[in-house]
Amino acid sequence: MAVFNHISFDEHEQVVFCHDKESGLKAIIAIHNTHLGPAFGGCRMWNYHSDDEALNDVLRLSKGMTYKNAMAGLQMGGGKSVIIADPQNATDRTALFKAFGRFVNSLGGRYYAAEDVGTTPADISVAGTETSFVAGLEGKSGDPSPYTALGTFLGIKAAVKHKLGLDSVEGLRIAVQGVGHVGYYLCRHLHQEGAQLIVTDIHQQSLTRVAEEFGAQIVAPQEIYCQAVDVYAPCALGATLNDTTIPQLQAKIVAGCANNQLAQPIHGEQLKQRGILYAPDYVINAGGIINVSFENHYDSEQSTVKVSQIYHTLSQVFQVADAQNRTTGDVADEMARAIINGK
Ligand code: NAD
């Protein structure tokens with residue numbers, strides 16, 4: 001398994017492979033860039049099919065965090081960690097996260113871990129018994145998901161304003177793929193403003209909740225792409241915008257919270273060619289990390305104000321992309337790199 005020649009390697013500063021025999025922990029921590037400050041990023045637990053799949057994920061996700069933190073105006077670098085295990089069937093979760101915490105600690109504050117897919121603030125609190133380099137703890141900034149959902153909701157509104165000239169999502173049909181931590185809160189915002197929801201998930205319980213609370217219509221996972229909707233909001237896992245799914249889309253806007261939505265950069269170009277406005281994932285989903293950045297002097301009002309800036313940042317990305325006839329992803333990347341390089 002190559003690292004320096006890996007397709008997703010992008011001058012990452014440090015990649016750490018972690019193994020603890022007693023707990024069975026297998027994890028990878030990737031620190032992409034610490035130019036703006038110590039690397040912050042979630043810890044994902046997933047049943048990866050191979051070590052290479054896990055490496056690819058952590059390399060891509062950590063780079064995304066560098067760009068996300070820069071575009072959110074945070075003095076934080078980008079990093080991420082993945083634990084290779086089934087999140088539903090981990091044998092001794094406490095031992096696993098304690099071992100993980102010791103590895104995070106060994107990095108001396110170059111990387112701060114928070115919750116992500118497959119992990120919870122409680123897991124990160126367990127890691128926090130072994131290291132102070134954790135964030136998003138219960139009793140401090142807490143669960144980032146509601147703030148990620150708020151930022152995503154405002155990002156959808158920015159896209160709706162830019163593409164459809166509307167100030168509200170009232171009456172719009174919005175397809176939400178994945179109604180987990182973030183997807184649930186997003187559905188609540190959208191429902192409160194009068195959107196019609198079409199949802200999918202692989203967990204029936206999560207679906208029942210949004211159907212009952214928000215009157216959402218449920219469709220099968222593979223049917224979410226071809227729905228006659230105004231907005232498609234990917235809120236599950238990455239790479240759902242690809243050669244197979246893009247031709248199926250009827251939405252005029254793609255705006256959701258999932259990380260790494262484009263399978264490859266070329267898919268951003270394909271969306272543009274189809275006239276679909278794409279909200280770059282790491283810009284629209286920065287609400288959670290913005291909230292985490294207030295960890296040590298927590299103030300939910302200040303956090304909400306900063307999360308709300310996502311609307312303006314995205315509007316700027318959309319305007320520049322239109323003016324220069326470029327993809328929104330290209331424009332966001334260029335803006336992020338300028339911030340990281342201090343230009
Ligand atoms: P989550 O695990 O709580 O929710 C994801 C949901 O997607 C789950 O309900 C899961 O069952 C569902 N899902 C998985 N595969 C699916 C499929 N093939 N089809 C339909 N549904 C499927 O995770 P989350 O915290 O809500 O995060 C969702 C996404 O947002 C992830 O990509 C995550 O990296 C990203 N994100 C989350 C945060 C945060 O604050 N939690 C911040 C930034 C980005």
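One is the number of the first residue; the rest follow in order along the sequence. As the structure lists them, so they are numbered: ligands from 1, and atoms in each ligand from 1.
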### Task
Run the ring-centre check on F214 versus Y184 and record whether the distance is less than 6.0 Å.
yes
### Task
Answer yes or no: is there a donor N or O on one side and an acceptor on the other, between the side chain of D57 and the main chain of E53, under 3.5 Å?
no
### Message
What does the 4.0 Å heavy-atom contact list look like for ligand 1?
### Response
R44, K68, E115, D116, V117, P144, S145, T148, G178, G180, H181, V182, D201, I202, H203, C235, A236, C257, A258, N259, N285
#### Entry: Taking every non-hydrogen atom, the tightest pair across A135 and V292
CB-CG1, 3.4 Å
### Task
For the pair R173 and D230, find out whether any cationic side-chain nitrogen is under 4.0 Å from an anionic carboxylate oxygen.
no
### Message
Using the side chain to side chain donor-acceptor pair (under 3.5 Å) criterion, which residues pair with Y232? Sequence neighbours excluded.
### Response
Q177, T240
### Message
Please find the pair of heavy atoms, one from F40 and one from M65, that lie closest to each other, and give the distance.
### Response
O-CE, 3.5 Å
